[in-house]
> 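One structure, as structure tokens, below. Some questions next.
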Amino acid sequence: IQWATGTVGSAALKYFIENPVTVLVGLYVTKPGKVGKDAGTLIGLPETGVTATDDIDALVALEADCVLYAPAQSPTLLDTLCRLLASGKNV
């Protein structure tokens, strides 16, 4: 799961999409205009079939080995990080 699409997140997202060793299963976005868009489309690549969401519960529920957590500053950072770790994901 890629968490956020700022400068760092977008670079990571591009890497995950283009790297055949990784499988992108989820994408968290904070801007309402990005919700529902394909992950590839958001960074100028072909569609991936992974739809961007702001639904934290849905992402926590996904089966994923790892989350690259690159959010902007937010008062909920620690709570979200703890939820992801508690769900068994590496962050």
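Throughout, residue positions are numbered sequentially from 1 according to the sequence presented. Note that the structure is a prediction, hence the values are computed from the model and not measured. Both backbone and side-chain heavy atoms feed into the values below; hydrogens, waters and symmetry mates do not.
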> Set out, in order, the CA-CA distance, both residues' side-chain angles and the distance that settles side chain to side chain contact (heavy atoms under 4.5 Å, CB included) for L42 and V29, then state yes or no.
CA-CA 10 Å; L42 288 174; V29 294; 4.2 Å; yes

> Would you compute the distance between atom NZ of K34 and atom NZ of K31 and round it to the nearest 0.5 angstrom?
5.0 Å

> State, to 0.1 Å, how close T48 and A39 come at their nearest heavy-atom pair, and which atoms those are.
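Nearest heavy atoms, T48 then A39: OG1-CB, 3.7 Å.
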
> Please name the residue in the list I56, L81, T30 that meets the side-chain contact (heavy atoms from CB on, under 4.5 Å) test with W3.
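Considering I56, L81, T30, a side-chain contact (heavy atoms from CB on, under 4.5 Å) with W3 is found only for I56.
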
> Surrounding CG of D65 (heavy atoms of other residues, nucleotides or ligands, distance under 6.0 Å), is the total greater than 12?
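Counting neighbours around CG of D65, 12 or fewer heavy atoms of other residues, nucleotides or ligands fall under 6.0 Å, so no.
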
> Group every Ile, Leu, Val, Met, Phe, Trp and Tyr by side-chain heavy-atom contacts under 4.5 Å, then state whether L62 and V91 land in the same group.
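Yes: a chain of side-chain contacts under 4.5 Å links L62 to V91.
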
> Sequence neighbours left out, what pairs pass side-chain hydrogen bond (donor to acceptor under 3.5 Å, both in side chains) with at least one residue falling in residues 81-91?
D57-R83, S87-K89

> Give me the atom names and distance for the closest heavy-atom approach of V8 to A70.
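Where V8 meets A70 most closely, the heavy atoms are CG1-CB, 4.0 Å.
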
> Can you measure from CG (L45) to CG (D38) and round to the nearest 0.5 angstrom?
9.5 Å

> Working to the nearest 0.5 angstrom, can you tell me the gap between I43 CD1 and T5 OG1?
9.5 Å

> Among the clusters formed by ILVMFWY side chains lying less than 4.5 Å apart, do V60 and V23 turn up in the same one?
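Shared cluster, yes.
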
> Between Q2 and A4, is there a donor-acceptor pair closer than 3.5 Å when you use the side chain of the first and the backbone of the second?
yes

> In Å, rounded to the nearest 0.5 Å, how long is the span from CG of L24 to CG of N19?
11.5 Å

> Ignoring hydrogens and angles, tell me if any N or O in the side chain of Y69 forms a donor-acceptor pair with the backbone of L77 under 3.5 Å.
yes

> More than 12 heavy atoms of other residues, nucleotides or ligands under 6.0 Å from CD of E18: is that the case?
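Yes.
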
> Look up atom OG1 in T22 and atom CZ in F16, then write down how far apart they are to the nearest 0.5 Å.
6.0 Å

> At what distance, to the nearest 0.5 angstrom, does CG of L68 lie from CG of L27?
11.5 Å

